[in-house]
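Contents: one structure, followed by commentary.
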Amino acid sequence: MPLDEKPDATKRAFDVVGTRPLRPDGIDKVTGRAMFGADAFASGMLTGRVLRSPHAHARIRSIDTSKAEALAGVKAIVTAADFEDRDDDLRDVLVNCMARDKALYDGHAVAAVAATTPAVAKQALKLIEVDYEVLPHVIDVEDAMTDDAPILHDNIARDGKPSNIASTCEFGHGDPDKGFAEAEVVVERTFRTEATHQGYIEPHACLASVGPDGHGELWCCTQGNFMVRNTCAQLLGMDFSKLRVTASEIGGGFGGKTTVFLEPVALALSRKANRPVKMTMSREEVFRASGPTASSAIRVKVGLARDGRITAAEAELKYQGGAFPGSPVEMGAMAAFSCYDLENVKTFGYDVVANRPKQAAYRAPGAPMAAFAVESVIEELAEAIGMDPIDLRLKNAAKEGTKSSYGPTYKRIGLVETLEAAKAHPHYSAPLGPNQGRGVACGFWFNFGGETCVSLNVGKDGTVGLSLGTPDIGGSRASMCQIAAEELGIDYDQVYAIVADTAALGFNDVTEGSRVTFSSGLATIEAAREAIKKLCQRAAIMWDIPAEAVIWEDGHARPSGSNAGDFEPLSLKEIAAHSAETGGPIAGHHEINAAGAGPSFATHIVDAEVDPETGACWVTRYTVVQDAGKAIHPSYVEGQFQGGAVQGIGWALNEEYIYGDDGTLQNAGFLDYRIPVASDLPMIDTVIVEVPNPGHPYGVRGVGETSIVPPMAAIANAVSAAAGVRMTSLPMSPPRLLQAIDNSRKQAAE
Amino acid sequence: MRYEAPETIETAVTLLAGEKGLAHVLAGGTDLIVQMRTGRIEPDLVVDLKRISGMREIAEENGGYRIGAAVSGAEMGEHAGLKALWPGVVEAAELIGSTQIQGRATMVGNLCNASPAADAVPALVAAGATVRVAGPEGERDVAAHEIPTGPGETSLKKGELVASVYLPARPARAADAYLRFIPRTEMDIAVVGAGVYLALDEDGVCSDARVALGAVAPTILRVEEAAQALIGSKLDDEALDRLAAAASAAAQPIDDKRGTRDFRIKVAGVLARRAAAKALERARANS
Amino acid sequence: MAHVKLWESLREATGGQTELEVEARTVKQLLDRLAEDYPDLQPAIDKGLSVSIDGEMHRKAGFQKIPEGAEVVIFPRMAGG
Amino acid sequence: MSQIHVSTTINGDAVEYLCDAEESLLDVLRDRLRLTGSKEGCGTGDCGACSVMLDGRLVCSCLVLGAEADGRTVDTVEGMAKGDDLHPLQRKFLEHAALQCGICTPGFLVAAKDLLERNPDPSEEEVRYWLAGNLCRCTGYDKIVRAVLDTAAETKGA
């Protein structure tokens with residue numbers, strides 16, 4: 001096949017792609033050798049610790065560090081005064097890392113210390129005297145929107161008055177009023193979700209070292225070492241090229257490690273102490289002071305004709321994203337009705353600030369809450385007209401050519417295929433036991449491309465090293481090795497992939513938005529193809545024929561055209577062995593700003609059982625059906641489906657940020673922030689649908705995020721059916737569920 | 001902080017009594033070390049009991065069992081005799097935390113940590129357990145429920161430690177059970193706990209009962225009215241309804257991050273009833 | 001000529017228009033032209049945008065070519081998890 | 001404040017170290033002995049990432065004092081493979097893709113090994129309850145449970 005021709009993904013037969021090889025980082029991870037954020041050590045290393053605000057909202061009148069500085073073993077202390085103020089879009093990031101004039105949430109960093117031992121650092125924190133003027137605080141999103149709410153930022157105004165509403169947004173098309181007038185059934189409800197945390201098991205950690213020459217080294221667990229480099233360099237006034245950031249193995253992120261918290265502080269401490277500084281967050285700090293997702297209040301109204309056609313849909317979404325603007329309400333508002341082909345649709349969103357930690361991305365940021373609200377209403381409408389809920393969705397499902405509710409016209413998408421596969425799945429028709437209910441829901445995520453750079457180096461022994469710039473958060477190195485092997489026509493185990501540091505590779509966007517298999521995959525394909533071109537050129541030199549007369553087939557260079565059959569094909573290994581004599585090392589390289597990512601849709605089926613006497617609730621069966629486009633490594637695709645579903649189960653049933661009246665977080669630990677444990681769950685069945693993305697040579701779509709979008713709605717639909725009462729607030733924890741059951745029974749009795 | 005691992009109770013008591021600062025006993029450490037690490041307590045002395053002979057033993061005594069202060073939940077669960085005699089106590093001890101926590105956490109630690117939500121304590125109280133306290137004045141035996149006096153507060157005096165728990169012999173046709181409510185299946189602190197002991201006469205009439213509730217008051221509640229609802233009955237639905245009502249009526253819980261007041265009141269009744277049913281089943285099997 | 005759809009929030013900045021025909025061969029040309037015609041759009045443009053061209057999503061798309069007759073949808077800068 | 005001298009056995013090797021009284025066994029393993037396979041996910045015994053065996057008993061090393069290990073035996077994930085030979089669980093975890101990020105993996109392996117040594121033929125429910133103290137946020141536990149059950153099945157068949 002000519003090198004420039006893009007194969008038709010639907011017809012292509014793959015050798016390596018689609019198989020389930022062992023991951024290159026696997027042995028290290030099962031033997032304890034893998035190096036995560038907190039696993040690095042440096043000579044002369046100090047321990048860094050952060051002093052955090054005990055108040056939800058307080059003016060910082062003064063900070064006296066003199067006693068702490070005098071403590072033996074304390075080598076550096078930094079406060080906001082050590083970071084130059086700025087007025088660009090990194091200011092919020094800076095102020096979030098170190099409070100300036102006000103502490104904006106319980107846990108907000110106000111000072112940091114580097115000391116010879118953890119014990120000294122801990123003692124030093126106690127000696128730092130902060131004079132706070134405690135201010136009134138606000139936690140709830142709707143409370144924060146009221147006229148008399150305590151104001152977080154003087155420079156945010158609405159209608160000329162200070163406000164906590166940082167911005168609004170609106171999406172849609174058509175005329176909802178007209179559509180509602182045509183509707184025969186209308187359901188309108190308001191839903192609420194509490195803030196949840198990504199809950200990655202590895203706390204944030206980094207090791208920073210800045211020398212007297214101003215050159216810096218930073219080791220950290222992050223979803224984007226290039227992002228960390230650019231951000232930290234700017235916050236510290238360093239040249240990008242003088243700060244090398246190495247991404248450690250990362251112990252989970254889910255969006256929560258797409259920004260910086262400790263990293264600039266560690267660098268500042270190291271620069272000041274002139275020694276390496278290691279910082280790790282405790283689990284309590286992770287909950288109080290990293291980036292949970294937004295809490296929300298969402299009103300949804302959908303109108304239906306008797307035949308099941310949706311005539312109009314609208315939603316009003318209020319998201320608080322913590323102490324700074326930037327909640328994911330825009331994406332929630334864009335994603336809310338993305339599964340449907342609608343003539344009249346409108347969504348309106350409010351981005352609200354409150355005295356909570358600044359939100360960070362969490363898996364499909366903004367979309368799960370919106371889907372919870374919308375898909376609950378869709379289920380209720382299906383009940384109202386007596387239609388099967390999958391049939392109702394099929395009748396209105398978005399497909400190729402549908403003008404999406406957020407604007408673009410869809411290319412080929414796979415929602416209908418997931419709905420059909422769900423309907424045909426034995427789960428959907430299996431009998432239910434007493435106190436059990438079944439729910440379904442759909443979900444969508446945009447999926448991103450973005451800046452990506454990959455290097456592929458052919459070793460003289462014929463093995464291939466792949467340098468990637470996107471930290472591997474769930475097995476992507478394995479997928480990239482498969483792709484490189486596929487393109488080169490060599491065995492999977494001849495390829496080894498690493499995540500390169502920022503000095504070794506061009507810029508890469510963060511591992512986010514389900515973009516890695518798509519974007520790094522694209523760049524890997526192109527890098528491999530560039531290497532193949534060079535391999536063919538080298539073979540031509542070895543054979544002394546024109547380069548154009550060489551083709552690449554099954555991992556070998558072969559003479560073609562008039563030279564066909566003149567020479568024995570040369571393997572990659574044979575060409576590589578002679579590379580020094582034919583022009584030096586052989587490498588392929590590619591950099592792109594990838595576009596063409598294809599949305600991934602999913603349909604989930606859930607069975608839940610409720611104990612009506614206690615409100616206890618269990619998911620008894622779960623099936624994920626999702627369009628992957630093309631599954632490169634099906635095991636890790638299934639893993640994304642299962643992991644997303646279970647995070648959704650946590651969000652639906654028990655996870656929530658609980659604040660006290662004083663605005664402090666009450667459950668900053670895994671004891672009372674209740675993520676699902678193994679015994680809470682059934683097996684999570686998966687069905688991989690493959691509707692190829694036309695924007696990728698193999699048809700790849702991202703898969704990581706869509707899987708958390710349907711669960712809360714699907715579970716709420718199942719629980720509502722089991723309990724006989726519509727649940728509109730998350731989490732559906734036992735006290736909430738029991739109260740809802742009791743209230744509905746009381747009402748029924750009256 | 002100093003760490004000491006004495007080999008006799010006398011040395012342990014001397015160390016604890018002699019410490020001028022804050023002294024804590026280390027058995028399983030699953031509460032103590034958490035509190036140390038989160039900065040809630042900063043002891044000057046920690047006295048590890050695990051090297052004292054007998055502290056890690058379960059010994060038969062007068063038809064019952066004496067359980068050393070450093071016996072872990074896992075060790076209790078592996079003791080067939082104890083499990084057969086007081087299954088409710090063992091299941092309560094085994095509910096404390098994960099497998100990993102079970103490898104360390106002790107019933108005496110659970111008792112002396114004095115959490116209102118302690119799992120082992122309602123079961124101990126229902127079983128009529130006593131504990132042996134060692135101190136500068138020698139040893140004394142007291143009822144288990146007399147140890148915790150409020151959240152994090154105990155009746156132990158300076159220099160005193162609980163050396164063992166004694167679970168008495170159990171009459172025929174009697175049994176105990178413990179149930180708790182948690183939002184997940186594991187890893188949570190009880191939102192409500194209910195321990196029930198009951199004994200039947202030859203006709204299957206309840207002749208004795210004790211009911212204890214956890215997490216619904218500042219200390220574990222012994223609910224005499226709930227026990228009276230059972231005594232004299234055949235544990236029919238009506239009796240169990242009265243038991244549930246009495247349990248709910250006795251509960252004086254608070255709203256907190258783990259549950260609401262209303263929830264706890266209602267579920268206290270539900271659990272008391274379910275625990276009684278379980279104990280009844282066991283008691284019938286014990287005849 | 002590109003068929004441009006702005007997200008609805010920008011209505012105020014354009015005097016009610018969210019669907020426009022704009023002569024532009026790149027995204028940058030398009031945004032420059034929009035800012036020229038509707039100066040109130042500038043802050044939104046400065047904040048950073050995502051652009052879909054014929055259903056393909058682009059972030060940081062400045063010099064991306066716009067084919068003749070393309071559907072261009074402009075919405076806020078997006079981030080993922 | 002003087003440090004405590006501890007003589008212990010770790011993964012079969014005699015080891016001596018000095019530690020502070022407050023230091024956890026996990027701190028000692030990681031920061032003093034550089035055995036960083038055991039992870040700190042919470043420091044409060046809620047996540048199981050620091051699971052080790054102490055005298056044959058599965059514990060969270062974050063809730064054991066370093067000083068307590070004197071005269072005892074400690075086994076960590078680093079001791080599971082025998083040279084090049086992975087423990088069957090390690091192999092099955094890889095084959096089943098039972099890890100995504102891998103931070104929880106050492107704790108799961110240590111805990112699962114203890115389970116299979118006590119109960120070579122556990123039910124799915126027994127596996128799930130035994131491992132309830134090991135949190136994983138990536139996998140939804142499905143592939144982990146399968147890997148453990150498959151290890152048991154293979155061992156039984158062997």
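Heavy atoms only: backbone and side chains are in, while hydrogens, waters and symmetry mates are out. Every chain is numbered from 1 and lettered A, B, ... according to where its sequence line falls, protein lines coming before strand lines.
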Polar side-chain atom of B:Arg184 near backbone of A:Val677 as donor-acceptor pair, under 3.5 Å: no
Using a cut-off of under 4.5 Å on heavy-atom pairs, state which of B:Arg258, B:Met187, B:Arg264 scores highest against chain A. B:Arg258
Chain B heavy atoms under 4.5 Å from A:Phe670: which part of the residue, side chain, backbone, both or neither? backbone
Are A:Lys126 and B:Glu42 close enough, and set up right, to give a salt bridge (charged side-chain N to carboxylate O under 4.0 Å, His left out), and what steps lead you there? CA-CA 13 Å; A:Lys126 288 187 188 159; B:Glu42 293 186 354; 2.5 Å; yes
Less than 4.0 angstrom from a charged side-chain N to a carboxylate O is my criterion; do A:Glu613 and B:Arg274 meet it? yes
If we only count heavy atoms from C-beta on, is the B:Pro183 to A:Pro734 side-chain gap below 4.5 Å? yes
Would you say that more than 12 heavy atoms from the other residues, nucleotides or ligands in this model lie under 6.0 Å from the CD of B:Glu238, or not? no
Counting heavy atoms not belonging to B:Glu78, are there more than 12 under 6.0 Å from its CD? yes
Can you say whether A:Asp680 sits under 4.5 Å from chain B via the side chain, the backbone, both, or neither, judging by heavy atoms? both
Going from CD1 on A:Ile658 to CG on B:Asp256, what distance comes out if it is rounded to the nearest 0.5 angstrom? 8.5 Å
Separation of A:Asp611 CG from B:Phe181 CZ (nearest 0.5 Å): 7.5 Å
Please rank A:Lys122, A:Gln739, A:Gln666 by heavy-atom pairs under 4.5 Å with chain B and give me the top one. A:Gln666
For B:Ile189 and A:Leu671, what are the C-alpha separation, side-chain angles and deciding distance, and is it a side-chain contact (heavy atoms from CB on, under 4.5 Å)? CA-CA 8 Å; B:Ile189 303 288; A:Leu671 183 61; 3.7 Å; yes
Side chain to side chain contact (heavy atoms under 4.5 Å, CB included) with A:Pro735: of B:Val267, B:Asp255, B:Asp262, B:Thr260, only one passes, and it is B:Thr260
List the steps and the verdict of side-chain contact (heavy atoms from CB on, under 4.5 Å) for B:Lys266 and A:Thr614. CA-CA 8 Å; B:Lys266 174 154 187 206; A:Thr614 63; over 6 Å; no
Take a 6.0 Å sphere around CZ of B:Arg222 and say whether it holds more than 12 heavy atoms from other residues, nucleotides or ligands. no
Would you call B:Lys257-A:Glu656 a salt bridge at under 4.0 Å N-O? no
Side chain to side chain donor-acceptor pair (under 3.5 Å) partners of A:Thr193, counting only residues at least two apart: A:Ser296
State whether the number of non-hydrogen atoms from other residues, nucleotides or ligands found under 6.0 Å of A:Asp661 atom CG is greater than 12. no
